[in-house]
Structures are given as structure tokens and as C-alpha cells.
Amino acid sequence: MPSKPALTPSSSRISTWLDPPTKFSMFRTTLELPATADVAIIGSGLSGASVAYHALKAYPALSIVMLEIGDVCEGASGRNGGHLRPDFYTYASQITAKYGPEEAVRLSKFERDNFEAVKRLIKEDNVDCETVEDGETWQVFLSQEEFGEALREFIMMRDLGGDVHDIQVYMRDEAIEVTGIQGCFGAIVSPGSPISPTKLVSHLIEQSLVRGLNLQSNTKVLRVDVNNCSDATPLSLGNCVTYDSELDEFEHVDMNSLRIVPKKLSYLHKITTSRGTLLANKVVHATNAYIDTLLSISSNVRDTTKSPNGAVLVTPVRGHALEIAPVGIPRKLSLDPSHNITCMNFNRGGEYLIQRPNGNFVLGGGRRFGKGKGIESFNNKTTAETEIDGSVDLYLRFFFPQILCFDNSHYLSPPKTVLGESDTSETYSADYRIVKQWTGIMGFSADDSPLVGKIPSFLEQGQEYCIAGFAGHGMPQIFLAAKALVRMILLEDDDYRYDCQYHSTIRPMHDNYFGGTIEIAENVHMPQCFAITQERLTKMINLAKMKA
């Protein structure tokens with residue numbers, strides 16, 4: 001066992017979820033890049049796919065072009081740990097301290113709503129993406145201190161009025177009996193499921209293509225600019241003059257029905273790509289960890305920032321994962337047949353695993369042992385996704401087999417070398433083999449909350465929107481966050497407090513107009529801490545400038 005693991009370059013590290021490739025590999029709806037669009041979406045992961053799905057479900061007459069630098073879902077969404085695990089309580093004290101108790105409860109409810117919405121979509125559309133209807137996710141604690149902290153968070157969320165009705169606490173003996181993990185001090189159990197992210201995203205893309213989405217893969221976006229007179233479209237008048245028009249009067253007494261009309265008669269944005277130029281009225285940045293590379297707000301301040309890698313809003317962070325297969329006797333996560341354990345996480349979520357239908361395990365985490373704790377340069381996308389950090393690799397290879405007791409031995413602590421203390425000659429024989437190994441680039445926002453909304457125009461005049469910065473926790477948040485963003489895009493509504501279910505009455509498009517009626521049937525509260533405001537962005541920019 002090496003005492004000083006190093007960063008080891010590799011040929012392409014294909015994740016389990018991208019082998020085989022999605023049905024949309026190398027896919028382009030049209031041979032040529034379209035000249036114009038009502039909405040351009042940059043990125044084809046879960047964020048971009050969810051935005052397209054909700055927008056076109058609300059109003060199929062929209063002209064939407066999706067631009068992807070590589071293949072569909074080839075970035076973080078296709079390279080994650082494959083779990084749909086809402087977090088119902090562990091952030092109770094943190095969110096309460098920053099935003100108040102109501103926001104803590106709102107965030108918990110939002111993740112529960114998102115979880116139920118994704119499950120409902122999968123069931124209604126019969127999507128085969130490896131989910132388990134009644135799956136359990138177990139947070140397993142390897143120290144009494146950590147177990148005590150989690151119990152306090154759980155009790156706090158319960159006392160705040162959060163919905164914790166289906167969360168169960170298992171003390172040490174019970175947890176060991178169910179899981180067989182001899183070193184645990186307790187466990188907290190909540191609903192959760194494994195999921196194939198690429199199969200879910202492929203379904204969303206497929207549904208959007210049926211409704212008119214134009215997908216352009218392997219198309220790199222180079223710049224996003226505010227349009228000028230030289231790029232005026234036939235819809236603009238005179239010397240690039242634009243005319244504002246207000247929302248029509250309410251058609252019905254029902255205040256939930258609004259008619260959508262255009263804000264401008266010319267295309268507001270010029271998007272320069274590796275294959276030509278696209279003009280669009282609205283641009284959605286859904287590139288997560290690489291959001292700072294194209295946003296005008298970032299390019300205006302990046303040169304003056306002192307933050308790591310020049311990141312202003314979102315910092316790229318590399319995560320590691322691998323798939324292992326038991327050799328010989330199959331290993332189940334639950335030793336008790338009355339339990340359906342499909343997901344586990346350890347060390348405050350630092351390590352996590354799922355079990356796939358074929359019996360294999362997908363494992364992830366350990367980034368705190370890596371170089372720079374996984375922080376990557378936003379200009380280093382290719383290298384970042386094809387390198388394995390030797391320290392993280394070593395930790396994962398030793399930690400999980402011992403936790404799962406593949407060799408039927410007693411529980412062992414992680415090797416001291418991995419923990420950075422001293423070398424050890426401790427060895428063991430584990431009955432497993434590594435099937436795949438890969439990395440994925442997560443996006444961590446400067447203030448630890450996702451960024452969902454319109455970018456304020458105090459630096460540039462335009463219609464740029466953003467959905468990014470989910471810090472490796474996007475599966476339980478993105479689907480409904482995208483739905484909220486669609487409301488902001490279509491209705492130009494800056495009320496971030498709720499999401500909506502759309503039902504459309506279609507009208508013919510008039511040139512570049514958004515026409516038709518959207519009826520809002522239900523409201524689902526989105527956390528206010530996700531909202532992008534001028535005040536929030538100013539604080540994030542100042543924070544980036546102050547960092548050494």
C-alpha cells in the first residue's frame with residue numbers, strides 16, 4: 001500500500017451511468033445550428049433537462065434550443081453516486097441560524113416535495129431508472145459524538161414543525177442487527193432510493209423533443225453577449241429599437257391565470273458557439289460547476305477577485321465514485337428481510353453508497369482526503385473529469401469493503417495512512433472487484449445555497465437566468481427548482497416563494513411572441529435562500545474579492 005498517494009492521470013473514466021451511452025449520444029435535432037430561439041438552455045444535465053421539460057410542458061409552442069458542450073448528461077449529472085436522498089433534518093440548526101426557522105422547515109418540505117414529484121413522474125411515465133418505490137436510506141454513525149449531533153438536529157426539526165413522520169431512529173444494537181455494521185453507534189432512517197441519473201435525464205429530454213426541443217450536442221458555447229444593432233433581427237424596428245409591452249389584463253377572475261406576451265421585439269442575446277451564432281431572447285445557464293465561465297456578471301469581476309481559481313459564484317469541486325461487485329456470496333445492505341435498505345451514508349455524508357438491482361454497489365466520497373479537498377479550476381474541465389486522486393482512491397478502496405465486511409471479518413477502522421497519520425502494514429482480503437471508477441465535478445456556491453433565478457441586470461442588460469450550485473445534492477432539489485425557474489422565465493415573475501403546476505391553452509405563435517395562457521394549479525414553496533437577488537450577488541462578489 002503506497003504511503004504517499006498521488007494524483008494519477010487516466011484515460012477517459014466512464015461512469016456506470018454513461019456505459020452504455022445515452023440514446024442521445026452525438027444527437028442533434030437539426031444538422032445546422034438554429035439561427036434563433038425564444039429560450040436557449042446551456043447544459044443538458046438534470047438542471048437543463050428539467051427546465052426544458054417544465055417549460056415545454058407548460059407551453060409547447062416555445063422555441064427552445066439546448067446547447068451541450070459534449071453528450072447529453074455527460075457532466076456532473078451523469079457522473080454522480082446515483083442516489084435520490086432527500087435531507088429532511090440535518091441542516092436544521094445551520095439554516096435556522098442563517099435564514100430563520102421558517103426557512104429551515106421550508107427547505108425540508110421542498111426536498112420532500114421534490115422527492116415525491118420525481119417519484120410520481122417515474123411512476124406515471126413508467127421510467128426504468130433503477131428506483132425503488134419503498135426504499136430506505138440509512139444515515140449510519142461511526143461515533144457517538146456524530147450520532148448525538150444528528151439526534152439534536154432531528155429533534156430541532158421536529159420541534160420546528162418539520163415533517164419527520166416517516167423518519168426512524170435506531171440505537172446501536174438495533175442498527176447493528178439490521179445492517180451488520182459492527183462499528184456503528186446508531187442510525188437514522190428516512191425515505192430514499194437509488195436512481196440512474198442518465199435514464200431520468202434521457203426521459204426528460206425525450207419528452208421535450210416530442211414537444212419541440214431542438215437539442216444540439218457537441219456544441220461549445222464560447223460567449224454570451226447582449227445583442228446589439230449589428231445582430232438585429234427582422235423583428236426589430238429601425239436602428240435596433242425595441243418596444244416594451246406589459247402583461248395583458250387578467251383574462252378571468254381567477255388570479256392564477258395570466259397571458260404571456262413578449263417583453264421585447266428583438267432578440268436580446270447573441271450566443272457564440274463552436275458551430276456558429278444563435279440569437280435568443282432568454283438564456284438559461286445550467287452548467288453548474290462551470291457557471292462562472294459564461295455569465296457576464298462573472299467576467300466583469302473575475303479579474304479583480306482573490307477567490308480560489310477566480311470563481312465568483314460557484315467553485316468546481318471534484319468528487320470520486322466507483323462501482324464494486326461482490327465475488328462469491330452476494331452481500332445485501334440489510335440483514336433483516338423486513339427492511340429495504342437501498343442507500344447509506346457515513347461521516348456526516350462524506351461517504352455514501354447505493355446498491356444497484358444487479359447487486360453491485362456504487363460508492364462515493366472521501367474528497368476531504370484529496371488534493372485541495374477536490375477544488376478544481378473552472379478552466380480544467382477535461383483534466384478534472386479524467387483524473388483520479390490517489391489519496392481518495394485509496395480511502396474508498398479500504399473504507400467501504402471493511403464497512404460492508406466482504407471478508408466476513410470484524411469491523412476495522414480506516415487505514416491510518418488514509419487518515420494522514422502514519423504508515424500501516426495492516427492488510428485484509430476482501431471478496432470484491434472494482435467494476436468502474438470515475439470522477440464528477442460538483443458546483444459549490446460561495447454562500448452554500450443553490451442559485452436559481454434571473455441574474456440582476458446591474459452589470460449587463462439582458463435576460464440571463466441561472467440554475468446551479470447544488471453542492472453535490474442536486475437530485476433532491478433540481479426538478480422542482482427548475483419548475484420554479486420556468487415560472488420566472490415565462491411570466492417574468494420575481495416572486496421566488498413558490499413554484500407551480502402548469503396547464504397550457506395553446507395559441508399560435510406570432511413571430512417571436514410568447515402567446516397563450518398558463519394556468520397555475522398548485523403552489524409549492526421554493527426556499528428563499530435559493531433566490532438570486534442583487535443583494536445576494538453583491539455579497540458573493542465581495543466575498544470572492546476578499547478571499548486570499
Side-chain angles (χ1 to χ4, degrees), residues 22-68 71-73 121 124-125 127 200-219 221 233-235 258-269 271 273 275-286 463 465 467 479 482-492 500-520:
T22 72
K23 65 177 71 175
F24 301 111
S25 178
M26 305 296 291
F27 186 92
R28 289 174 181 167
T29 303
T30 55
L31 292 178
E32 299 297 327
L33 183 71
T36 61
D38 295 322
V39 180
I41 301 173
I42 306 173
S44 69
L46 182 58
S47 293
S50 296
V51 170
Y53 173 83
H54 289 303
L56 288 169
K57 190 174 182 181
Y59 189 57
L62 280 174
S63 167
I64 300 182
V65 175
M66 178 178 287
L67 304 168
E68 169 56 50
D71 272 342
V72 166
C73 202
L121 167 74
E124 291 176 354
D125 289 5
V127 185
L200 174 61
V201 169
S202 292
H203 177 75
L204 297 175
I205 294 286
E206 187 171 38
Q207 293 298 303
S208 297
L209 288 170
V210 170
R211 295 184 173 98
L213 173 69
N214 189 305
L215 171 61
Q216 296 290 319
S217 68
N218 294 275
T219 303
V221 176
T233 72
L235 292 173
L258 292 177
R259 182 181 300 280
I260 302 174
V261 296
K263 279 291 184 181
K264 300 290 182 183
L265 296 178
S266 67
Y267 293 94
L268 296 178
H269 290 280
I271 303 171
T273 80
R275 297 175 51 235
T277 299
L278 170 69
L279 300 180
N281 266 326
K282 299 172 187 286
V283 180
V284 178
H285 295 266
Q463 294 280 341
Y465 297 80
I467 176 168
F479 188 67
K483 208 171 172 189
L485 184 64
V486 165
R487 177 190 176 91
M488 302 173 206
I489 293 170
L490 294 185
L491 301 183
E492 298 197 359
C500 52
Q501 177 72 38
Y502 299 105
H503 300 284
S504 302
T505 302
I506 307 305
R507 292 180 55 193
M509 294 285 281
H510 299 290
D511 295 324
N512 195 49
Y513 279 68
F514 291 1
T517 299
I518 289 184
E519 296 177 359
I520 305 164

- Note on the structure: Heavy-atom closest pair (R275 atom, T219 atom, distance to 0.1 Å) is NH1-OG1, 2.8 Å
- Query: In Å and rounded to the nearest 0.5 Å, what is the CG to CG distance from L279 to D38?
  - Reply: 12.0 Å
- Item | From I64 atom CD1 to K282 atom NZ, the distance as rounded to the nearest 0.5 Å | 11.5 Å
- Query: Does E206 pair with K23 as a salt bridge, N-O distance under 4.0 Å?
  - Reply: yes
- Task: Test T29 against L213 for side chain to side chain contact (heavy atoms under 4.5 Å, CB included), laying out the working first.
- Result: CA-CA 8 Å; T29 303; L213 173 69; 5.9 Å; no
- Counting N and O atoms only, with roles assigned by atom type, does the side chain of H269 sit under 3.5 Å from a partner on the main chain of V283, one being a donor and the other an acceptor? no
- Message: Assess, by modelled atom type and distance only, whether the side chains of Q216 and T273 contain a donor and an acceptor separated by less than 3.5 Å.
- Response: no
- What distance separates Q463 CD from L268 CG, expressed to the nearest 0.5 Å? 6.0 Å
- Task: May I ask you to test the L485-M488 pair for a side-chain heavy-atom distance under 4.5 Å?
- Result: yes
- Item | S217 side, atom OG; L67 side, atom CG - distance, nearest 0.5 Å | 10.5 Å
- Shortest non-hydrogen contact from A286 toward G48: CB-N, 3.7 Å
- Task: State, to 0.1 Å, how close S47 and A482 come at their nearest heavy-atom pair, and which atoms those are.
- Result: O-CB, 4.3 Å
- Item | Non-hydrogen atoms of S208 and L56 that approach each other most closely | O-CD1, 3.6 Å
- Query: For the side-chain contact (heavy atoms from CB on, under 4.5 Å) test, which of I205, L209, N218 pairs with F27?
  - Reply: L209
- Task: Any chance you could measure L490, atom CG, to L62, atom CG, to the nearest 0.5 Å?
- Result: 5.5 Å
- Minimum heavy-atom distance between T36 and V65, given as atom pair plus value: O-CG2, 4.3 Å
- Task: With ring pair (Phe, Tyr, Trp, His ring centres under 6.0 Å) as the test, would you mind laying out the steps for H203 and Y53 before giving the verdict?
- Result: CA-CA 9 Å; H203 177 75; Y53 173 83; 7.2 Å; no
- Task: Verify whether one side chain among D71 and T22 offers a donor that lies under 3.5 Å from an acceptor in the other.
- Result: no
- Nearest heavy-atom approach of V221 to I271 is CG1-CG2, 3.7 Å
